[in-house]
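Computed from heavy atoms alone, side chains included, the values below leave out hydrogens, waters and symmetry copies. Indexing begins at 1, ligand by ligand and atom by atom, following the structure's order.
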Amino acid sequence: MDLPDYAIEAKGLTKTYAATKTTPEMKALRGLDLAIPRGSIFGLLGPNGAGKSTFINILSGLCQKTSGTVTIWGRDIDKSPRDARAAIGVVPQEIAADPFFTPKEALEVAAGMYAVPKAERRSDELLAALGLADKSKAYVRQLSGGMKRRLMVAKAMVHNPPVLILDEPTAGVDVELRKQLWNYVLELNRKGVTIVLTTHYLEEAQELCDQIAIINRGQVVACEPTSTLLRRMDTRKVLVTPDEPLTAAPRLAGFDTSLLKSGGFAVSYRTGQSSVEQVLAAVRAAGLHIKDISTEDPDLEDVFVSLTYAAEKAEA
Ligand code: ADP
């Protein structure tokens with residue numbers, strides 16, 4: 001079979017969780033379109049509740065989609081569910097360790113579930129690659145949290161899938177372990193494995209991913225090479241406290257402004273286009289006296305909001 005252009009492709013994907021006695025109906029995915037290029041390290045970035053886990057759970061078969069299509073490694077999850085699932089390994093958010101197995105046994109059991117023939121199993125190689133070789137005979141319950149997490153990665157790779165998905169891989173993971181984990185992940189990628197990771201940390205995605213899709217409220221609001229996306233995130237804010245508190249945001253030529261609760265106001269500017277100097281000049285030109293100023297870096301939440309807003313405007 002020819003290799004697919006996209007490791008994963010979703011079109012018009014929706015998921016609505018039915019209402020329960022205590023919760024209303026929830027549209028977690030609302031027409032998600034996404035194409036993850038083969039060979040990439042792809043980041044799925046979005047705030048809590050954006051729908052990232054729902055998407056991953058649909059891929060892994062833990063959750064039924066409501067409508068839309070998904071292919072994994074060119075295989076439709078409705079038409080060839082087994083083949084589609086055999087093409088991915090998923091490292092879940094939660095550590096679900098088998099306390100009474102040794103790491104080696106845990107890997108053998110996982111390989112058995114994927115019907116990997118004994119001769120093709122790579123348990124020892126995986127344990128070594130993830131720095132667990134000397135723990136192969138310990139019980140899993142005796143491993144540290146970091147070791148358990150590495151074991152989860154090894155378990156996801158027992159059937160040698162061409163796509164590895166990591167759901168919030170570094171939540172609660174220390175710096176040293178992160179490095180080890182990334183080294184292994186990068187090594188896999190060099191060997192041709194497509195890596196998909198979800199995170200709500202921009203820095204993490206920025207560091208590792210060559211492409212990033214931003215998901216907000218169940219839709220993709222941006223999907224571009226990391227460098228392009230970062231250039232779009234060059235908005236900064238200057239917070240101005242004027243001599244007298246204001247009741248409305250002042251109009252400044254060339255800048256967006258908003259009123260702060262304190263009676264001060266915020267001025268947004270793009271680092272590529274203007275400077276704090278120019279912002280201050282515009283404030284003075286508007287006849288305002290400055291008592292104090294501070295600056296604020298964009299947080300991801302602002303970026304999500306502005307991208308979502310741009311997407312909604314484009315739709316309208
Ligand atoms: P993320 O992983 O980006 O934080 P999720 O996919 O977990 O987002 O959640 C998307 C939305 O769907 C949230 O509003 C969440 O509360 C809701 N949701 C997730 N799982 C369920 C479920 N099993 N039943 C009902 N609602 C759910």
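- Shown here are the salt bridge (Lys or Arg N to Asp or Glu O under 4.0 Å) partners of Arg122, two or more places apart in sequence or in another chain: Glu125.
- Pairs of residues two or more places apart, or lying in two chains, never qualify as salt bridge (charged side-chain N to carboxylate O under 4.0 Å, His left out) while including a residue from residues 134-146.
- Among residues two or more places apart in sequence or in another chain, the salt bridge (Lys or Arg N to Asp or Glu O under 4.0 Å) test is passed with Asp256 by none.
- Ligand 1 lies under 4.0 Å from heavy atoms of Tyr17, Met26, Ala28, Pro47, Asn48, Gly49, Ala50, Gly51, Lys52, Ser53, Thr54.
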* Pair Thr199-Glu204, side chain to side chain donor-acceptor pair (under 3.5 Å): steps then yes or no -> CA-CA 7 Å; Thr199 177; Glu204 187 164 83; 3.0 Å; yes
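- Lys237 places no side-chain N or O within 3.5 Å of a backbone atom of Ser294 that could act as its donor or acceptor partner.
- Connection of Ile293 to Leu252 is established within a shared hydrophobic cluster, with ILVMFWY side chains joined at heavy-atom distances below 4.5 Å, either directly or through further cluster members.
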